[in-house]
Amino acid sequence: MKPLRTIRNPGTRLVSAFVLACGLSHGLAGLAAEAAKPADQPWIAPARAARKPNPVAVDANSITQGRALFTMACEPCHGPSGKGDGPAAPSLERKPGNLTDPKMWEQSDGALFWKIGEGKNPMPVFQEVLSEEQRWQVVNYVRTLAPQNKTIDTTKGTTP
Ligand code: HEC
């Protein structure tokens with residue numbers, strides 16, 4: 001796959017291997033656990049985590065870094081544009097979120113950061129694979145995937 005070869009930073013290889021391994025094990029577990037699948041429920045970050053401010057400036061540098069990490073670690077499931085149509089998506093027991101939905105702006109940066117760190121089966125846990133700074137960079141990039149709905153106040157999560 002193209003993204004695995006185009007990344008220059010050697011540290012990122014580890015992440016690729018990790019993501020592939022997760023994809024495989026979850027794929028198998030998914031087959032076995034088909035009958036025991038829990039009902040779909042919205043995934044909500046704890047309020048305290050959601051209030052955490054983003055310490056990484058939204059600029060060309062952090063977005064470029066975030067895009068490279070996304071291509072390698074997220075694209076297999078979430079797809080190149082974040083719609084949830086990556087090559088691994090059809091084999092997952094749950095559909096990856098649609099990161100291009102303007103509703104993404106109803107969640108704070110802290111909430112997205114928390115979700116990326118914690119993961120939720122079949123989405124891997126990224127807090128030990130990506131540094132804090134890398135996870136904020138990914139948040140900054142993910143923000144570019146969805147058009148911002150101006151009527152949404154991102155600090156409160158409600159429409160005024
Ligand atoms: C193995 C596949 C897989 C990989 C790799 C993956 N995700 Fe996910 N992701 C999912 C699935 C499945 C969900 C839906 C989880 C749920 O709602 O139960 C999800 C949900 C999310 C959500 C929540 C969307 C919402 O509506 O709140 C975000 C944000 C997200 N992923 C970002 C990322 C980022 C960023 C990466 C890379 C660092 C990543 N994901 C890597 C499968 C994956």
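Since we're looking at a predicted model, the values are computed, not measured.
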Residues 107-122 vs salt bridge (charged side-chain N to carboxylate O under 4.0 Å, His left out), sequence neighbours excluded, gives Asp109-Arg143
Which atom of [X] lies closest to which atom of [Y], heavy atoms considered:
X	Y	value
Asn140	Ala57	ND2-O, 3.3 Å
Ala50	Ser108	O-OG, 2.5 Å
Cys77	Pro96	O-CG, 3.4 Å
Pro76	Ala73	CD-C, 4.0 Å

Measure the [atom1]-[atom2] distance between [X] and [Y] for me, rounded to the nearest 0.5 Å.
X	Y	atom1	atom2	value
Leu99	Cys74	CG	SG	8.0 Å
Glu93	Asn121	CD	CG	5.0 Å
Arg67	Leu145	CZ	CG	9.5 Å
Met123	Leu92	CE	CG	11.5 Å
Gln137	Asp59	CD	CG	9.0 Å
Leu69	Glu75	CG	CD	12.5 Å

Would you find a donor on one side and an acceptor on the other, under 3.5 Å apart, between the side chain of [X] and the backbone of [Y]?
X	Y	result
Arg94	Pro122	no
Trp136	Gly66	no
Thr100	Lys83	no
Asp101	Met104	no
Gln134	Ser131	yes

Only pairs at least two apart or in different chains count here, so list each ring pair (Phe, Tyr, Trp, His ring centres under 6.0 Å) that has a residue in residues 57-85.
-> Phe70-Tyr141
Do you reckon Phe113 sits in the same ILVMFWY cluster as Trp43, going by side-chain contacts under 4.5 Å, direct or chained?
->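 Linked within one cluster.
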